[in-house]
**Student:** 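Structure below; questions to follow.
Letters go in sequence order (proteins before strands), and every chain restarts at 1.
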Amino acid sequence: MKNDDIASILEEIGMLLELKGENPFKVRAYENAARAIQALTEPVERLLIEKRLSAVKGIGESIQKKIEELVTTGRLAYYEELKSSIPPGLVEMLNIPGLGPKKVKALYEKLGVDSIDKLEAVCTSGKVANLDGFGEKTQIKILQGIAFRRQYASKHLLIAAQAVAHPIYSKLKQHPDVIQCSLAGSVRRWKEIIGDIDFLVSSKKPLKVIEFFTKLDSVQNIIARGETKAAVILQGGIQADLRVITESEYPFALAYFTGSKEHNIVMRQRAIDRGLRLNEYGLFKSTEETRDPALLLPCSSEEDIYSKLGLCYIPPELREDRGEFDAAEKGKIPELIDEKALKGSLHNHSNWSDGADDLMSIAMHMAKLGLQYWAITDHSKSSPQANGLDSDKLKKQFIEIKLINEKLKAKGFEFELLTGVEVDILPGGKLDIEDEVLAMADVVVASLHSGFSQDEKEITNRIISAVKNPFVHILGHPTGRLLLEREPYKVDIKAVIDACSETGTWIELNAHPSRLDLDWRYWSYAKSKCVKCVINCDAHNLNHVEFLRLGAGIARKGWLTAADVINTQPLSKLKKLLKSKRS
DNA sequence: GCCGTTTTCGGCCCGACTGTTTTCAGTCG
């Protein structure tokens with residue numbers, strides 16, 4: 001059992017206890033324990049064997065015993081009993097915005113609502129508005145929440161799809177009957193939201209490959225199994241499709257199944273314009289539908305196909321018909337950023353606010369990974385839920401960071417923690433830390449954490465007045481979206497980019513898998529306005545350093561090169577840039 | 001249920017917002 005599995009069970013126990021009306025502090029104990037497990041950098045199993053689990057903060061006697069039972073038997077009686085005492089639909093109802101444990105409980109007890117479908121029915125019939133504590137607006141909000149959920153019902157975060165896809169890809173690649181193999185579809189294109197995962201394989205023995213694929217451990221059930229393709233549902237509920245084709249078809253099929261649909265339409269039109277025909281089986285010297293090998297224009301790679309259609313190679317991330325054909329015709333496809341170019345992250349948290357780790361552990365971890373810098377930008381006081389810091393605490397933290405840097409230097413590390421703060425932009429547009437303290441920080445990130453219901457003009461002006469503050473370097477997660485959970489707040493993002501352009505403020509590409517914000521679709525506009533990007537982990541524990549990889553992928557999708565991204569700069573240059581922003 | 005400790009039980013995150021009320025409960029960040 002993996003750490004993430006254990007954490008999600010603890011989290012679910014927390015939710016179930018909440019629904020039962022248990023002591024809220026008990027609920028939080030489970031939530032804290034789940035977070036503590038997620039933040040671990042080694043497997044729980046090892047901690048258990050070495051009797052070090054009880055030393056983890058947030059895990060006491062009772063939860064430790066439960067984890068032990070889970071790890072040794074794969075089950076937990078307490079959890080199963082709890083689960084059977086509560087209708088499964090209630091937990092799901094908690095995910096609807098505006099519905100918490102009290103309201104869910106009331107709906108269940110008074111109207112017998114124990115599923116999303118029943119909830120929708122009682123809302124539509126107007127019964128909910130008549131309940132005590134509910135009303136017309138709540139009823140509408142619930143219906144909107146249900147519609148939103150339904151829209152994304154079979155969608156998954158990119159990181160979740162990658163996590164299941166990459167191990168399967170490795171196994172396919174090693175299979176003796178597999179000649180070539182690739183991920184295709186939206187995973188290969190680095191879309192932030194994924195419907196299903198597509199694998200493509202060339203082989204002389206397709207049946208053997210298909211059998212191997214459908215019998216993988218991670219396959220939950222098989223939807224279809226034919227001679228050239230199979231579809232399965234993987235653990236976690238993601239659908240995966242496998243296509244097996246011949247070696248000569250491989251480049252054409254790869255291009256076709258990578259998409260996007262919009263990109264493919266233009267590709268096929270370009271073929272027609274040249275008296276050719278393009279489909280997943282080949283590029284043919286014909287204007288008719290054909291698969292005749294005699295008419296095939298042989299291509300050994302995707303590069304060949306693009307070249308025969310008068311284009312230089314277009315990386316999968318850019319295949320969205322958003323300007324890539326123009327650029328490829330002129331040979332002006334940019335050299336996209338590589339994750340290895342990133343030297344650190346400028347927006348991260350420590351246990352001074354809502355992060356899991358102390359400053360020294362963070363510094364050592366990042367230094368050993370070979371990064372050059374890591375900014376600590378804990379929350380400010382207007383985020384009490386995140387244990388935000390006031391000016392006095394911030395100043396104390398700056399002093400401690402200085403001491404840590406001296407120690408690191410003495411040990412010979414070429415690495416620095418940078419001081420900083422993620423300062424809240426208040427509803428009026430003011431920042432909740434005074435300028436003279438902001439001026440002491442190496443890095444200032446300004447973000448919105450409240451007042452999301454303001455109208456577009458108010459929020460836009462609020463953000464613009466924040467980026468006009470000369471001490472602010474970076475605008476954090478500019479739209480506030482949480483993928484598959486929450487829509488962005490209403491904001492005129494182009495006006496915000498214009499303001500950043502005028503003030504020289506950088507915009508964050510928040511690489512947290514649920515954010516990936518600013519959206520890749522806006523980066524070319526930002527680039528045209530000379531606004532620089534910073535790819536930030538928004539790390540809350542040591543494992544979150546992995547988000548740099550995700551951020552770099554999304555930056556590529558936004559057409560960004562290393563030169564467009566501030567945190568590709570080495571420490572000395574970065575320090576100069578941070579200073580010059582304020583002069 | 002965890003933590004800390006003036007060691008055996010009290011405190012644990014809290015302010016804003018929303019929609020419901022008519023003074024506040026529930027939810028959210």
**Student:** Nearest whole Å is fine: how far is B:dG1 P from A:Glu22 CD?
**Tutor:**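 It works out to 7 Å between those atoms.
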
**Student:** Has A:Lys343 got its NZ or CZ under 6.0 Å from the middle of the six-membered ring of A:Tyr373, at an angle within 45 degrees of the ring axis?
**Tutor:**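 Geometry flag: not set, cation outside 6.0 Å or 45°.
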
**Student:** What is the distance from CG of A:Asn23 to P of B:dG1, rounded to the nearest Å?
**Tutor:**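 Nearest whole value for this atom pair: 9 Å.
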
**Student:** Could you check which nucleotide pairs with B:dT8 in any of the strands shown, counting Watson-Crick or G-U wobble with both distances under 3.5 Å?
**Tutor:**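 Its partner is none (no Watson-Crick or G-U wobble pair with both distances under 3.5 Å).
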
**Student:** What is the nucleic acid contact for A:Lys381, judged by heavy atoms within less than 4.0 Å: base, sugar-phosphate only, or nothing?
**Tutor:**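 No contact.
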
**Student:** Establish, yes or no, whether the cationic atom of A:Lys557 lies under 6.0 Å from the six-membered ring centre of A:Trp520 and within 45° of the ring axis.
**Tutor:**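 Checked: cation-pi criterion met.
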
**Student:** I want to know whether A:His449 and A:His379 have ring centres closer than 6.0 Å.
**Tutor:**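 Yes, they do, as the ring centres are separated by less than 6.0 Å.
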
**Student:** When you check every protein heavy atom under 4.0 Å of nucleotides 19-29 of chain B, what one-letter string (B, S, -) results, 5' to 3'?
**Tutor:** SSS----SSSB

**Student:** Give me the distance, rounded to whole Å, that separates B:dC12 from B:dC17 when you measure between the C1' atoms they each carry.
**Tutor:**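 Between the two C1' atoms, the distance is 24 Å.
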
**Student:** Specify whether A:Tyr78 and A:Tyr30 have parallel, tilted or perpendicular ring planes, treating 30° as the upper limit for parallel and 60° as the lower limit for perpendicular.
**Tutor:**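 Rings of A:Tyr78 and A:Tyr30: parallel, under 30°.
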
**Student:** I want to verify a distance call: between B:dC2, B:dC17, B:dG4, whose nearest atom is closest to the A:Ser453 side chain?
**Tutor:**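 Out of B:dC2, B:dC17, B:dG4, the nucleotide with an atom closest to A:Ser453's side chain is B:dC17.
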
**Student:** Whole angstrom is fine here: how far is it from NE2 in A:His379 over to P in B:dC14?
**Tutor:**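 My rounded result for the distance is 17 Å.
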
**Student:** When the distance from CG of A:Asp354 to P of B:dC12 is rounded to whole Å, what number comes out?
**Tutor:**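 Rounded to whole Å, this separation is 19 Å.
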
**Student:** Give me the distance, rounded to whole Å, that separates B:dG11 from B:dT18 when you measure between the P atoms they each carry.
**Tutor:**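 Nearest-Å result for B:dG11 against B:dT18 at atom P: 33 Å.
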
**Student:** Tell me the interatomic distance from A:Ile459, atom CD1, to B:dC17, atom P, rounded to whole angstroms.
**Tutor:**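 Nearest whole value for this atom pair: 12 Å.
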
**Student:** Considering only the P atoms, how many Å lie between B:dT27 and B:dT21, rounded to the nearest integer?
**Tutor:**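 Straight-line distance between the two P atoms is 14 Å.
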
**Student:** Ion pair present between A:Asp564 and A:Lys527, side-chain N to carboxylate O less than 4.0 angstrom?
**Tutor:**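 A salt bridge is present here (some side-chain N lies under 4.0 Å from a carboxylate O).
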
**Student:** Just label B:dT8 as syn or anti from its O4'-C1'-N9-C4 or O4'-C1'-N1-C2 angle, using within 90° of 0 for syn.
**Tutor:**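 Syn.
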
**Student:** When the C1' atoms of B:dT20 and B:dA16 are compared, how many Å lie between them, rounded to an integer?
**Tutor:**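 Roughly 16 Å separates the two C1' atoms.
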
**Student:** Would you measure the distance from the C1' atom in B:dC28 across to the matching atom in B:dT22 and give it in whole Å?
**Tutor:**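 The answer is 24 Å between these two C1' atoms.
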
**Student:** In this structure, how many angstroms lie between the C1' atom of B:dG11 and the CG atom of A:Asn32, rounded?
**Tutor:**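 Rounded to the whole Å, the gap is 14 Å.
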
**Student:** Nearest nucleotide by nearest heavy atom, which residue falls closer to the 5' end of DNA chain B, A:Phe25 or A:Ser62?
**Tutor:**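 Comparing both residues, the 5'-ward one is A:Ser62.
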
**Student:** May I ask you to decide if the ring planes of A:His349 and A:His347 are parallel, tilted or perpendicular, using 30° and 60° as cut-offs?
**Tutor:**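 It falls in the perpendicular class, over 60°.
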
**Student:** Tell me: NZ of A:Lys66 to C1' of B:dG1, nearest whole Å?
**Tutor:**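 Spelled out: NZ on A:Lys66 to C1' on B:dG1 is 8 Å.
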
**Student:** Is there a side-chain contact between A:Lys26 and A:Leu17 (heavy atoms, below 4.5 Å)?
**Tutor:**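 They are in side-chain contact.
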
**Student:** Check the distance between B:dC2's C1' and A:Glu31's CD and give it to me in whole angstrom.
**Tutor:**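 These atoms are roughly 13 Å apart.
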
**Student:** A:Phe134 ring centre to A:Lys103 NZ or CZ under 6.0 Å, with the angle to the axis within 45°?
**Tutor:**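 Yes - A:Lys103 lies over the ring of A:Phe134, closer than 6.0 Å to its centre and within 45° of its axis.
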
